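Nothing fancy with the numbering, it's 1 onward along the sequence. No experiment lies behind these values; they were computed from the predicted model shown.
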Amino acid sequence: MPVANVLIGLGSNLGDRLATLEEALSQLRNVADIELYRHSPWLETEPAGGPPNQKPFLNGAAWLKTELSPLELFARLQPDAVMHLAAES
């Protein structure tokens, strides 16, 4: 399978937002069959919708390279997303 370029969005508005995002990048570097090629600068944005009185988000994107199919990539990334949600609660 040819190498695919994949962009994924990253964002946080809970706790130490920057540390959370940097940890997500660190974990992406350790996922088998995925290369974290680059990532965007972080951008602070106001929340749109959701509960009132939310803190601003810190958002960015990661550029990945992989030979995984979209479903394989989703399955590979899903446990990390769930772990972050559990760690934030």
Side-chain angles (χ1 to χ4, degrees):
M1 180 175 264
V3 173
N5 289 291
V6 179
L7 294 173
I8 61 168
L10 303 169
S12 176
N13 74 334
L14 300 174
D16 186 339
R17 303 169 304 162
L18 181 58
T20 298
L21 294 171
E22 294 295 335
E23 176 62 21
L25 291 176
S26 177
Q27 289 185 19
L28 283 170
R29 287 183 185 95
N30 294 318
V31 177
D33 303 316
I34 296 172
E35 175 192 354
L36 173 59
Y37 183 64
R38 293 187 178 162
H39 69 86
S40 70
W42 305 120
L43 177 66
E44 187 171 86
T45 60
E46 291 299 319
N53 303 319
Q54 290 185 74
K55 295 181 181 178
F57 278 82
L58 202 55
N59 296 306
W63 179 356
L64 311 176
K65 292 183 177 270
T66 186
E67 292 183 8
L68 296 172
S69 72
L71 288 177
E72 290 171 321
L73 178 63
F74 179 77
R76 196 71 55 90
L77 294 179
Q78 200 62 23
D80 290 331
V82 171
M83 186 188 75
H84 277 293
L85 289 174
E88 291 286 333
S89 356

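One finds the CH2 atom of Trp42 at 5.0 Å from the CG atom of Leu10 (value rounded to the nearest 0.5 Å). A distance of 8.0 Å separates CG of Leu64 from CG of Leu7, quoted to the nearest 0.5 Å. In this structure, Thr20 OG1 and Leu58 CG are separated by 9.5 Å, a value rounded to the nearest 0.5 Å. One finds the CD1 atom of Ile34 at 12.0 Å from the CD atom of Gln27 (value rounded to the nearest 0.5 Å). To the nearest 0.5 Å, the span separating CG on Asp16 from CD on Glu22 amounts to 10.0 Å.
Qualifying side chain to side chain donor-acceptor pair (under 3.5 Å) partners for Glu67, counting only residues two or more places apart in sequence or in other chains: none. Take Ser69 and apply the side chain to side chain contact (heavy atoms under 4.5 Å, CB included) test, not counting sequence neighbours, and it matches Met1, Leu71, Glu72. Qualifying side chain to side chain donor-acceptor pair (under 3.5 Å) partners for Glu35, counting only residues two or more places apart in sequence or in other chains: none. Every residue meeting the side chain to side chain contact (heavy atoms under 4.5 Å, CB included) condition with Leu43, not counting sequence neighbours, appears here in chain and number order: Thr45.
Sorted by first and then second residue, the pairs that involve residues 36-49 and meet salt bridge (charged side-chain N to carboxylate O under 4.0 Å, His left out), not counting sequence neighbours, are Arg17-Glu44. Each side-chain hydrogen bond (donor to acceptor under 3.5 Å, both in side chains) pair with one or both residues in residues 47-57, not counting sequence neighbours, appears once here: Asn13-Gln54. The ring pair (Phe, Tyr, Trp, His ring centres under 6.0 Å) analysis of residues 43-68, with sequence neighbours excluded, yields the pairs Tyr37-Trp63.
Val6 is not listed as a side-chain neighbour of Leu68, based on a closest heavy-atom distance of 4.5 Å or more.
Scanning all heavy atoms of the two residues, the minimum distance from Ala62 to Leu25 falls at CB-CD2, 4.3 Å. Nearest heavy-atom pair across Pro47 and Pro56 is CD-CA, 4.0 Å.
Checking side-chain atoms of Arg29 against main-chain N and O of Leu36 turns up no donor-acceptor pair under 3.5 Å. Put simply, the side chain of Thr66 gets close to the backbone of Asp33: a donor and an acceptor are under 3.5 Å apart.
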